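Structure first, then comments.
What you are looking at is a predicted structure, and each value in this text was computed from that prediction instead of being measured. One is the number of the first residue; the rest follow in order along the sequence. Heavy atoms only: backbone and side chains are in, while hydrogens, waters and symmetry mates are out.
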Amino acid sequence: MKAAAALIVAVVVAGQSTSQRFQSGVDVVTVDALVTQGARAVSGLKAHDFELRDNGIVQEIDSVTVDETPVSMLLALDTSNSVEGATLSHLKRAAIAAVDSLTIDDRAAVLTFADAVTLRAGWAAPSQPMRDAIAGAAARGATSLYDAAYAALTIKDELPGRRSFVLLFSDGGDTSSWLPARAVMERARRSDAVVYVVARRLPRRDVRLEYRSGIDLWTAATAPQPEKLAALPT
(Lines give C-alpha, C1' and ligand atoms only; values in the text may rest on other atoms or scores of the structure.)
Protein backbone atom coordinates (compact mmCIF):
# COMPACT_ATOMS: atom_id res chain seq x y z
CA MET A 1 0.00 0.00 0.00
CA LYS A 2 1.35 3.40 -0.92
CA ALA A 3 0.76 6.25 1.45
CA ALA A 4 -0.80 9.44 0.17
CA ALA A 5 1.31 12.14 -1.40
CA ALA A 6 3.18 14.25 1.11
CA LEU A 7 3.76 17.98 0.93
CA ILE A 8 7.24 18.79 2.20
CA VAL A 9 7.14 22.21 3.85
CA ALA A 10 10.43 23.92 4.68
CA VAL A 11 10.09 26.24 7.67
CA VAL A 12 13.06 28.54 8.32
CA VAL A 13 13.54 29.39 11.98
CA ALA A 14 15.82 32.30 12.93
CA GLY A 15 16.94 33.39 16.38
CA GLN A 16 19.18 36.09 17.85
CA SER A 17 21.75 35.39 20.55
CA THR A 18 22.96 37.83 23.19
CA SER A 19 26.12 38.46 21.09
CA GLN A 20 23.97 39.74 18.24
CA ARG A 21 24.81 36.77 16.05
CA PHE A 22 22.00 35.18 14.06
CA GLN A 23 21.47 31.45 13.79
CA SER A 24 19.07 29.78 11.43
CA GLY A 25 17.89 26.29 10.74
CA VAL A 26 15.40 24.46 8.58
CA ASP A 27 12.69 22.20 9.94
CA VAL A 28 10.94 19.90 7.49
CA VAL A 29 7.25 19.33 8.11
CA THR A 30 5.41 16.59 6.24
CA VAL A 31 1.73 17.16 5.47
CA ASP A 32 -0.32 14.25 4.12
CA ALA A 33 -2.58 15.03 1.17
CA LEU A 34 -5.02 12.96 -0.87
CA VAL A 35 -6.48 14.41 -4.07
CA THR A 36 -9.33 12.63 -5.83
CA GLN A 37 -11.49 13.19 -8.87
CA GLY A 38 -14.65 11.24 -8.35
CA ALA A 39 -13.50 7.90 -6.94
CA ARG A 40 -10.02 8.04 -8.50
CA ALA A 41 -6.84 9.38 -6.94
CA VAL A 42 -5.14 12.15 -8.93
CA SER A 43 -1.42 11.61 -9.50
CA GLY A 44 1.39 13.64 -11.02
CA LEU A 45 0.69 16.79 -9.00
CA LYS A 46 3.48 19.30 -8.34
CA ALA A 47 4.13 21.79 -5.54
CA HIS A 48 2.53 24.63 -7.52
CA ASP A 49 -0.76 22.67 -7.64
CA PHE A 50 -1.22 23.10 -3.87
CA GLU A 51 -1.74 26.00 -1.50
CA LEU A 52 -1.05 25.32 2.15
CA ARG A 53 -2.08 27.71 4.93
CA ASP A 54 -1.26 27.65 8.62
CA ASN A 55 -3.67 29.84 10.60
CA GLY A 56 -4.44 31.66 7.37
CA ILE A 57 -0.79 32.27 6.45
CA VAL A 58 0.40 30.75 3.16
CA GLN A 59 3.37 28.39 3.66
CA GLU A 60 6.10 27.59 1.17
CA ILE A 61 5.87 24.05 -0.17
CA ASP A 62 9.29 22.67 -0.97
CA SER A 63 8.26 19.51 -2.82
CA VAL A 64 5.56 16.90 -3.32
CA THR A 65 6.53 13.26 -3.02
CA VAL A 66 4.74 9.91 -2.94
CA ASP A 67 5.69 8.19 0.29
CA GLU A 68 6.39 4.48 -0.14
CA THR A 69 7.30 3.84 3.47
CA PRO A 70 5.70 0.64 4.80
CA VAL A 71 2.46 1.33 6.64
CA SER A 72 0.86 0.03 9.80
CA MET A 73 -2.91 0.13 9.36
CA LEU A 74 -5.33 -0.36 12.24
CA LEU A 75 -8.91 -1.23 11.30
CA ALA A 76 -11.56 -0.26 13.88
CA LEU A 77 -14.90 -1.81 12.92
CA ASP A 78 -18.30 -0.98 14.40
CA THR A 79 -20.06 -4.28 15.18
CA SER A 80 -22.92 -2.93 17.28
CA ASN A 81 -26.52 -4.11 16.87
CA SER A 82 -27.31 -1.39 14.36
CA VAL A 83 -24.99 -2.89 11.71
CA GLU A 84 -26.50 -6.37 11.85
CA GLY A 85 -27.35 -7.88 8.47
CA ALA A 86 -26.34 -6.45 5.11
CA THR A 87 -24.40 -3.52 6.62
CA LEU A 88 -22.10 -5.83 8.57
CA SER A 89 -21.60 -8.04 5.51
CA HIS A 90 -20.56 -5.03 3.44
CA LEU A 91 -18.29 -3.84 6.26
CA LYS A 92 -16.52 -7.20 6.47
CA ARG A 93 -15.95 -7.28 2.72
CA ALA A 94 -14.57 -3.75 2.75
CA ALA A 95 -12.26 -4.49 5.69
CA ILE A 96 -10.92 -7.64 4.05
CA ALA A 97 -10.36 -5.68 0.83
CA ALA A 98 -8.37 -3.11 2.83
CA VAL A 99 -6.18 -5.90 4.24
CA ASP A 100 -5.75 -7.36 0.76
CA SER A 101 -4.52 -3.98 -0.52
CA LEU A 102 -1.46 -4.16 1.75
CA THR A 103 1.91 -5.40 0.58
CA ILE A 104 4.07 -8.00 2.32
CA ASP A 105 6.03 -5.17 3.95
CA ASP A 106 2.93 -3.61 5.50
CA ARG A 107 1.27 -4.61 8.77
CA ALA A 108 -2.24 -4.42 10.13
CA ALA A 109 -4.26 -4.91 13.29
CA VAL A 110 -8.02 -5.31 13.70
CA LEU A 111 -10.29 -4.28 16.54
CA THR A 112 -14.07 -4.34 16.73
CA PHE A 113 -16.31 -2.35 19.01
CA ALA A 114 -19.85 -2.58 20.31
CA ASP A 115 -20.48 -2.08 24.04
CA ALA A 116 -16.86 -3.26 24.49
CA VAL A 117 -13.69 -2.90 22.44
CA THR A 118 -12.06 -6.17 21.33
CA LEU A 119 -8.66 -6.61 19.65
CA ARG A 120 -9.37 -9.31 17.07
CA ALA A 121 -5.91 -9.47 15.49
CA GLY A 122 -2.67 -7.92 16.73
CA TRP A 123 0.00 -6.28 14.59
CA ALA A 124 1.18 -8.64 11.86
CA ALA A 125 1.63 -8.94 8.12
CA PRO A 126 -1.59 -9.54 6.15
CA SER A 127 -2.67 -13.13 6.69
CA GLN A 128 -5.59 -15.50 6.42
CA PRO A 129 -6.12 -15.57 10.20
CA MET A 130 -6.52 -11.80 10.06
CA ARG A 131 -9.17 -12.14 7.35
CA ASP A 132 -10.86 -14.89 9.37
CA ALA A 133 -10.93 -12.61 12.43
CA ILE A 134 -12.80 -9.99 10.40
CA ALA A 135 -15.17 -12.52 8.85
CA GLY A 136 -16.03 -13.99 12.26
CA ALA A 137 -17.15 -10.71 13.87
CA ALA A 138 -20.79 -10.71 15.00
CA ALA A 139 -23.13 -7.76 15.64
CA ARG A 140 -24.26 -7.20 19.21
CA GLY A 141 -24.61 -4.52 21.86
CA ALA A 142 -24.40 -0.74 21.97
CA THR A 143 -21.76 1.56 20.41
CA SER A 144 -18.63 2.53 22.35
CA LEU A 145 -17.32 4.79 19.60
CA TYR A 146 -15.22 7.08 21.80
CA ASP A 147 -13.58 4.16 23.59
CA ALA A 148 -12.81 2.52 20.25
CA ALA A 149 -11.34 5.68 18.72
CA TYR A 150 -9.12 6.18 21.76
CA ALA A 151 -7.94 2.56 21.60
CA ALA A 152 -7.25 2.80 17.87
CA LEU A 153 -5.05 5.85 18.43
CA THR A 154 -3.24 4.15 21.32
CA ILE A 155 -2.50 0.64 20.00
CA LYS A 156 0.61 1.46 18.00
CA ASP A 157 2.83 -0.86 16.02
CA GLU A 158 6.21 -1.03 17.76
CA LEU A 159 8.20 -1.59 14.56
CA PRO A 160 10.08 1.64 13.68
CA GLY A 161 10.16 3.49 10.38
CA ARG A 162 6.49 3.02 9.47
CA ARG A 163 3.55 5.31 8.73
CA SER A 164 0.56 4.86 11.01
CA PHE A 165 -2.96 4.74 9.59
CA VAL A 166 -6.27 4.31 11.39
CA LEU A 167 -9.38 3.32 9.41
CA LEU A 168 -12.48 3.69 11.55
CA PHE A 169 -15.83 2.42 10.28
CA SER A 170 -19.08 3.32 12.06
CA ASP A 171 -22.74 3.80 11.25
CA GLY A 172 -23.72 6.08 14.09
CA GLY A 173 -23.07 7.96 17.29
CA ASP A 174 -21.65 6.91 20.62
CA THR A 175 -24.08 5.33 23.07
CA SER A 176 -21.99 3.47 25.67
CA SER A 177 -18.38 4.73 26.04
CA TRP A 178 -16.68 5.20 29.39
CA LEU A 179 -14.42 7.88 27.96
CA PRO A 180 -15.69 11.37 27.15
CA ALA A 181 -15.30 12.86 23.70
CA ARG A 182 -12.67 15.36 24.86
CA ALA A 183 -10.34 12.49 25.87
CA VAL A 184 -10.42 11.15 22.32
CA MET A 185 -9.66 14.50 20.71
CA GLU A 186 -6.81 15.15 23.12
CA ARG A 187 -5.38 11.73 22.22
CA ALA A 188 -5.78 12.52 18.53
CA ARG A 189 -3.86 15.78 18.91
CA ARG A 190 -0.96 13.84 20.39
CA SER A 191 -0.96 11.17 17.68
CA ASP A 192 0.95 11.16 14.40
CA ALA A 193 -1.47 8.68 12.83
CA VAL A 194 -3.37 9.57 9.69
CA VAL A 195 -7.04 8.89 10.45
CA TYR A 196 -9.67 8.02 7.86
CA VAL A 197 -13.27 7.71 8.99
CA VAL A 198 -16.00 6.00 6.99
CA ALA A 199 -19.55 6.53 8.24
CA ARG A 200 -22.92 5.59 6.76
CA ARG A 201 -24.56 8.84 7.81
CA LEU A 202 -23.33 12.41 7.85
CA PRO A 203 -22.18 13.64 11.27
CA ARG A 204 -22.52 17.24 12.38
CA ARG A 205 -19.96 19.49 10.74
CA ASP A 206 -18.23 20.26 14.04
CA VAL A 207 -17.67 16.73 15.34
CA ARG A 208 -15.54 15.05 12.70
CA LEU A 209 -12.44 13.14 13.72
CA GLU A 210 -11.63 12.65 10.02
CA TYR A 211 -10.30 16.21 9.98
CA ARG A 212 -7.18 14.59 11.45
CA SER A 213 -6.50 13.41 7.89
CA GLY A 214 -7.77 16.52 6.17
CA ILE A 215 -10.31 14.47 4.25
CA ASP A 216 -13.87 15.65 3.71
CA LEU A 217 -15.95 12.55 3.02
CA TRP A 218 -18.93 14.52 1.74
CA THR A 219 -19.40 17.47 -0.59
CA ALA A 220 -22.37 19.79 -0.79
CA ALA A 221 -23.47 18.08 -4.00
CA THR A 222 -23.28 14.50 -2.75
CA ALA A 223 -24.05 14.76 0.96
CA PRO A 224 -27.09 12.89 2.25
CA GLN A 225 -29.69 14.84 4.18
CA PRO A 226 -28.06 14.79 7.62
CA GLU A 227 -29.63 13.73 10.82
CA LYS A 228 -28.12 15.73 13.67
CA LEU A 229 -25.93 12.77 14.49
CA ALA A 230 -22.85 13.12 16.67
CA ALA A 231 -21.09 10.28 14.88
CA LEU A 232 -17.64 11.37 15.99
CA PRO A 233 -16.30 13.10 19.09
CA THR A 234 -16.17 16.82 19.64
Side-chain angles (χ1 to χ4, degrees), residues 72-102 107-124 126-157 164-188 191 193-204 206-213 215 217-218 224 226-234:
S72 294
M73 180 180 70
L74 190 142
L75 295 168
L77 312 178
D78 185 343
T79 56
S80 58
N81 277 333
S82 58
V83 303
E84 188 173 15
T87 298
L88 182 58
S89 296
H90 291 312
L91 176 57
K92 290 178 180 180
R93 287 198 295 270
I96 291 173
V99 171
D100 289 342
S101 72
L102 299 175
R107 285 159 60 89
V110 180
L111 67 81
T112 59
F113 62 96
D115 45 10
V117 179
T118 303
L119 184 64
R120 298 282 178 178
W123 289 111
S127 65
Q128 189 56 45
M130 188 175 294
R131 299 180 185 92
D132 293 341
I134 296 171
R140 71 180 193 285
T143 308
S144 297
L145 179 59
Y146 300 162
D147 290 351
Y150 190 95
L153 290 164
T154 303
I155 302 172
K156 297 197 66 174
D157 192 350
S164 296
F165 286 83
V166 173
L167 272 63
L168 191 153
F169 301 79
S170 183
D171 76 328
D174 189 283
T175 60
S176 62
S177 283
W178 286 90
L179 290 173
R182 63 181 180 275
V184 181
M185 295 313 294
E186 178 61 25
R187 188 71 186 89
S191 173
V194 177
V195 179
Y196 294 93
V197 176
V198 180
R200 288 191 63 202
R201 291 175 286 178
L202 183 67
R204 292 200 309 261
D206 60 342
V207 294
R208 295 188 303 166
L209 183 61
E210 68 265 31
Y211 271 151
R212 286 283 303 158
S213 64
I215 304 301
L217 296 181
W218 296 273
E227 298 176 20
K228 291 301 182 181
L229 174 69
L232 296 169
T234 54

For D157, check salt bridge (Lys or Arg N to Asp or Glu O under 4.0 Å) against everything at least two apart and list the hits. R107, R162
Only counting residues at least two apart or in another chain, list the ones meeting salt bridge (Lys or Arg N to Asp or Glu O under 4.0 Å) with R120. none
Rounding to 0.5 Å, atoms CE (M185) and OH (Y146) come to a distance of 10.5 Å
Could you list the residues that satisfy side-chain contact (heavy atoms from CB on, under 4.5 Å) with A76, not counting sequence neighbours? L74, L111, F113, A152, L168
Donor-acceptor contact present, side-chain T154 to main-chain Y150, <3.5 Å: yes
For M130 versus A124, what's the shortest heavy-atom pair and its separation? CE-O, 3.7 Å
Donor-acceptor pair, side chain of D174 and main chain of S176, under 3.5 angstrom: yes
side-chain contact (heavy atoms from CB on, under 4.5 Å) with D78: which of D171, T87, V198? D171
Return the minimal non-hydrogen interatomic distance between L77 and F169, and the atom names on each side. CD2-CD1, 3.4 Å
side-chain contact (heavy atoms from CB on, under 4.5 Å) with A94: which residues, sequence neighbours excluded? none
When rounded to the nearest 0.5 angstrom, what distance separates CG in L102 from OG in S127? 10.5 Å
Hey, is the main chain of L179 close enough, under 3.5 Å, to the side chain of D147 for a donor-acceptor pair? yes
Using only atom types and a distance under 3.5 Å, with no angle test, would you say the side chain of S144 pairs donor to acceptor with the backbone of D115? yes
May I have the step-by-step check of side chain to side chain contact (heavy atoms under 4.5 Å, CB included) for Q128 and R131, ending in yes or no? CA-CA 5 Å; Q128 189 56 45; R131 299 180 185 92; 3.7 Å; yes
Pick from S80, S82, S177: which one makes a side chain to side chain donor-acceptor pair (under 3.5 Å) with T143? S80
Report yes if some heavy atom in the side chain of V195 is under 4.5 Å from a heavy atom in the side chain of L153; otherwise report no. yes
Just jot down the salt bridge (Lys or Arg N to Asp or Glu O under 4.0 Å) partners of E186, sequence neighbours excluded, or say none. R189, R190
So which atom in L75 and which in A95 form the shortest heavy-atom distance, rounded to 0.1 Å? CD1-O, 3.8 Å
Can you name the residues that form a side-chain contact (heavy atoms from CB on, under 4.5 Å) with T79, not counting sequence neighbours? L88, T112, A114, A137
